[in-house]
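Just so we're clear, the structure is a prediction, and the values are computed from it rather than from any experiment. The first residue in the sequence is number 1, and the count goes up from there.
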Amino acid sequence: AKPDSADVYMGPVIDQGSYDKIMSYIEIGKEEGRLVSGGTGDDSKGYFIKPTIFADLDPKARLMQEEICGPVVAFSKVSNFDEALEVANNTEYGLTGAVITNNRKHIERAKQEFHVGNLYFNRNCTGAIVGYHPFGGFKMSGTDSKAGGPDYL
């Protein structure tokens, strides 16, 4: 679909600088992992980037270690919940995290051990609306504070 089609629900990134930076991360991702979807952009009429998914990355890969702030997501496989927490916490950043599980012990552990500003359980990640919901961060992300409220831990 064309970026200006009525059936497109993904908006553009903010400016040419952001577009260029995100597209450079996509090129890095093509070297570091397996491109599953997306990977292209169009800056001829706005700064549109297809939502992009990379798989099979090393946990120490740049895409796993740096904040991209664009429509790019990267995945590493892990063997168990311990390794998942280790991978998730092994970065300088920690704006938001999510755990999808039926295991109550994993939820309790994540409350204590997952180092992020906003932690979501069994729901969409990053559901905060700017100006309406409190939003913190952790480490090099956001404000290095935890947000308050019954839906935020």
Starting from the C-alpha separation in whole Å, work towards a yes-or-no answer on side-chain contact (heavy atoms from CB on, under 4.5 Å) for V116 and T96. CA-CA 5 Å; V116 293; T96 301; 5.8 Å; no
Does a donor on one side chain and an acceptor on the other come within less than 3.5 Å for S44 and D42? yes
Are a donor atom and an acceptor atom from the side chains of Q16 and D43 found within less than 3.5 Å of each other? yes
Tracing side-chain contacts under 4.5 Å among Ile, Leu, Val, Met, Phe, Trp and Tyr outward from I28 reaches V13, Y19, I22, M23, Y25, I26, L35, Y47, I49, F54, L57, L63, M64, I68, V72, V78, V87
Taking all atoms of both residues into account, what is the closest heavy-atom pair of [X] and [Y], and its distance?
X   : Y    : result
S18 : I14  : OG-CG2, 3.2 Å
E32 : A61  : OE1-CB, 3.4 Å
F81 : A110 : CZ-CB, 4.3 Å
S76 : P59  : OG-N, 3.6 Å
M10 : P71  : CE-CB, 3.4 Å

Please say whether more than 12 non-hydrogen atoms of neighbouring residues, nucleotides or ligands are located less than 6.0 Å from CG in N80. yes
K77 atom NZ: more than 12 heavy-atom contacts under 6.0 Å: no
Residue list, ring pair (Phe, Tyr, Trp, His ring centres under 6.0 Å) with F75, at least two apart or on another chain: none
State whether K111 and E108 are salt-bridged, where the test is any N-O pair (Lys NZ or Arg NE/NH1/NH2 against Asp/Glu carboxylate O) under 4.0 Å. yes
From I100 CD1 over to H106 NE2, what is the distance, rounded to the nearest 0.5 angstrom? 13.5 Å
Within-4.5 Å side-chain heavy-atom neighbours: Q65 and N90: yes
